[in-house]
Participant: 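Mind looking over this structure? Questions follow.
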Amino acid sequence: MSDGSAGGGDGGEGMAERPEVRFRATRPASRARKAVAFLLGGAVWAAAGVIAVVLLGGSHIVRHLLLVTGVSWLVFGAALACGIVLRHREERRVPD
């Protein structure tokens, strides 16, 4: 059995010959799409929490976890919206 060390003959030599592959998006996502995707991630977690409450019989701990997730999602969404508004306001002030 080979331990994977250099010179072991188990394919480790060919690794350096591979070309480097980088991902390049054909078209970058807009800021609005990124923000929506981020917020939808929180919504998916909240939906998972609701499903857990239904399936687990609405236990006290699961309901509290769902409440904390919802509140944190709302706070994050408000902070993100404020940040976007402030950035747009600053960008309008800068002369071209």
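Not measured: the values here are computed from a predicted model.
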Participant: Got a sec, which hydrophobics cluster with Val36, joining ILVMFWY side chains under 4.5 Å apart, including via others?
Facilitator: Leu40
Participant: Could you work out the complete set of other residues in the hydrophobic cluster of Val68, with links drawn between I, L, V, M, F, W and Y side chains under 4.5 Å apart?
Facilitator: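 The other cluster members (ILVMFWY side chains, heavy atoms under 4.5 Å, direct or chained): none.
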Participant: Using a side-chain heavy atom cutoff under 4.5 Å and only I, L, V, M, F, W and Y, what cluster partners does Leu67 have?
Facilitator: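 Leu67 clusters with Val71, Val75.
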Participant: Got a list of side-chain donor-acceptor pairs under 3.5 Å for residues 80-90, not counting sequence neighbours?
Facilitator:
unit_1, atom_1, unit_2, atom_2, d
Arg87, NE, Glu91, OE2, 3.2
Glu90, OE2, Arg93, NH1, 3.3

Participant: Counting only heavy atoms not in Phe76, do more than 12 fall under 6.0 Å of its CZ?
Facilitator: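 Above 12, so yes.
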Participant: Show the atom names and distances, to 0.1 Å, of all donor-acceptor pairs under 3.5 Å that link a side chain in residues 20-30 to residues at least two apart or in another chain.
Facilitator:
unit_1, atom_1, unit_2, atom_2, d
Glu20, OE2, Arg22, NE, 2.7
Glu20, OE2, Arg22, NH2, 2.8
Ser30, OG, Arg33, N, 3.2

